[in-house]
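Below: the structure, in structure tokens.
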Protein chains: 2
Amino acid sequence: MRQGVAETRESVQDDPRWARSRAAILKAAATLLRQEGPSAVTHQRLAKQAGVARATVYRHWPRTEALLLQVMAAEGFPFFQHPTIPIRAWLHTRLRELADDLAQPAVQATTLTLMHGALWDRDIAAQRDQLVGVLTERVAAALDVAHDAGEMPQPPDPADAVAALVGPLLYRTALQAGAVSDTLIETLVEQVMTGRAASVPLDRALQQRSVQPSAP
Amino acid sequence: MRQGVAETRESVQDDPRWARSRAAILKAAATLLRQEGPSAVTHQRLAKQAGVARATVYRHWPRTEALLLQVMAAEGFPFFQHPTIPIRAWLHTRLRELADDLAQPAVQATTLTLMHGALWDRDIAAQRDQLVGVLTERVAAALDVAHDAGEMPQPPDPADAVAALVGPLLYRTALQAGAVSDTLIETLVEQVMTGRAASVPLDRALQQRSVQPSAP
DNA sequence: CAAACTATGAGACATTTTGTCTCAGTGTTG
DNA sequence: CAACACTGAGACAAAATGTCTCATAGTTTG
């Protein structure tokens, strides 16, 4: 970028004009994604929405895919951190936070665009894998705490536990288009914490993990 | 359609040429969706892929959105039919079928496009609601059978049960990008059938059901 | 403060894509 | 065989896309 001249100061861009444009475009991208979906995130629409010139959008993000990825990555993931005992109560609170977050249209837009786009875009798939990895690690840590505290008989497979806890929230939010009740959360926590059913000796759950996108 | 002349024979189109073109375009749409995603499903790409003229694609589907919806609706939903006792075993087999289906790239493409597109397209949202409705009804029927057979202490809320059963499969398939193990299925079935945790007297689960798309 | 930078806005420009239309050719039906 | 209807090929205007130039103005440096 930057007027064709090679970068002078590393890759850090501290020019306030550049930062302003970047912020405006990012905000515009988030708005367009939320209101009309990824297909509305074009350089032309972005320029109009952000109040900048079309060329400026091209200078910042030659490819809109990278911009969309930036929007999805910007969210961060402040959930399931710092487990405390009893884990049941902690889990309930965290799942409630996540459910409230997933109730927001903007979050639904980024989450589903991430899941959807990962099927065909290698970079989006990497972003998705990273998010899933973080989430699994945090829940695994919490389950360890619970087991150490004697709150669980046998620690389940972390990946399975995350699927059993978060999967229903996703289903309720994205497919049933409804609110997550505290009753549902309570049921899920109790089910997972009780550690019902078979343990996982040779679990083939993640055997084909992290598949690459593109045509099969 | 049809050369500008008003429709002569209702809306049924039995001309073999028309049927051939339609089938070729539908097949092309499914292929493009699976391999490159919804953004690749344009009239131009469809024409090339289907081996028909561009004008023909416009004649059949002036809007590609309707075509995509057709592709997603064409799948049907042959799952969770005809419950038999014991429901545990029946549920296990049905969930295995669904998981195997969800493992296919083509099914992932249509399913996630349905969830994703429903956020901004009213028609897609309707299609999604219909799918969810059918699924919930079938599982509810199965749970009734289980309860009548004394297999379950207290019948859970059907919507919650579906979320608890199918949600994890979706999470494993679409986010963790992994295979669904029989162990996971067994765990899920056991958790739901045991009817652990609070019953659902005044469940607010689906209070904001079937929200309309478009900008918030 | 003044000069050297550097991102921006506005627009030109060629190219591609999109949507609509016409018309001759041909498969289909009666 | 004759009337009908869909298709393919292409023309066409409009819109979108990607790249470029240059004057202007905001920013940093001396």
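Throughout, a chain's letter reflects where its sequence line sits, starting with A, and its residues are numbered from 1.
- Distance alone, capped at 3.5 Å, is enough to place a donor-acceptor pair between the B/Trp90 side chain and the B/His82 backbone.
- Out of D/dA9, D/dT17, C/dT8, the shortest distance to the side chain of A/Ser21 is found at C/dT8.
- What separates CG of A/Leu46 from C1' of D/dG18 is a distance of 15 Å, to the nearest Å.
- Closest-nucleotide positions on DNA chain D for A/Arg63 and B/Asp15 were compared, and the one nearer the 5' end corresponds to B/Asp15.
- Taking atom CZ on A/Arg54 and atom P on D/dT19, their separation rounds to 11 Å, with Å as the unit.
- Look at CD on B/Gln44: it is 5 Å from P on C/dT17, rounded to the nearest Å.
- For B/Thr42, the side-chain atoms get nearest to C/dT18 when compared with the rest of D/dT17, D/dG8, C/dT18.
- What you find for A/Leu175 and B/Val132 is that their closest heavy atoms are O-CG2, 3.4 Å.
- Although no hydrogens or angles enter the test, the distance criterion places a donor-acceptor pair under 3.5 Å between the side chain of A/Arg96 and the main chain of A/Val180.
- For A/Trp61 and A/His43, the gap between ring centers reaches or exceeds 6.0 Å.
- Per the geometry, NZ belonging to A/Lys48 stands 14 Å off P belonging to C/dG11, to the nearest Å.
- Taking side-chain N and O atoms only, A/His43 has a distance below 4.0 Å to OP1 or OP2 of D/dG18.
- The listed nucleotides are D/dT7, C/dG9, C/dT29; the one nearest the side chain of A/Thr56 is C/dG9.
- Distance, A/Leu67 CG to D/dT17 P: 14 Å, rounded to whole Å.
- Nearest heavy-atom pair across B/Val52 and B/Ile25 is CG2-CG1, 4.2 Å.
- Not a single donor-acceptor pair under 3.5 Å links the side chain of B/Gln108 to the backbone N or O of A/Leu119.
- In this structure, the CH2 atom of A/Trp61 is 16 Å from the P atom of D/dG18, given to the nearest Å.
- The A/Ala55 side chain lies nearest to C/dA10 when the options are C/dT28, D/dT17, C/dA10.
- We find that CZ of A/Arg45 is positioned 10 Å from P of D/dA16, with the value rounded to whole Å.
- Closest-nucleotide positions on DNA chain C for B/Arg20 and A/Arg22 were compared, and the one nearer the 5' end corresponds to A/Arg22.
- Out of C/dT18, C/dG9, C/dA7, the shortest distance to the side chain of A/Arg17 is found at C/dA7.
- As a whole-Å value, the separation of A/Tyr58 OH from C/dT8 P is 16 Å.
- Panel note: side chain B/Arg172, backbone A/Ala163; no donor-acceptor pair is recorded below 3.5 Å.
- A close approach under 4.0 Å does not occur between any side-chain nitrogen or oxygen of A/His60 and OP1 or OP2 of C/dA7.
- Direction change of the helix axis from one end of the helix from C/dC1-D/dG30 to C/dG30-D/dC1 to the other is 30°, with five pairs defining each end axis (rounded to 10°).
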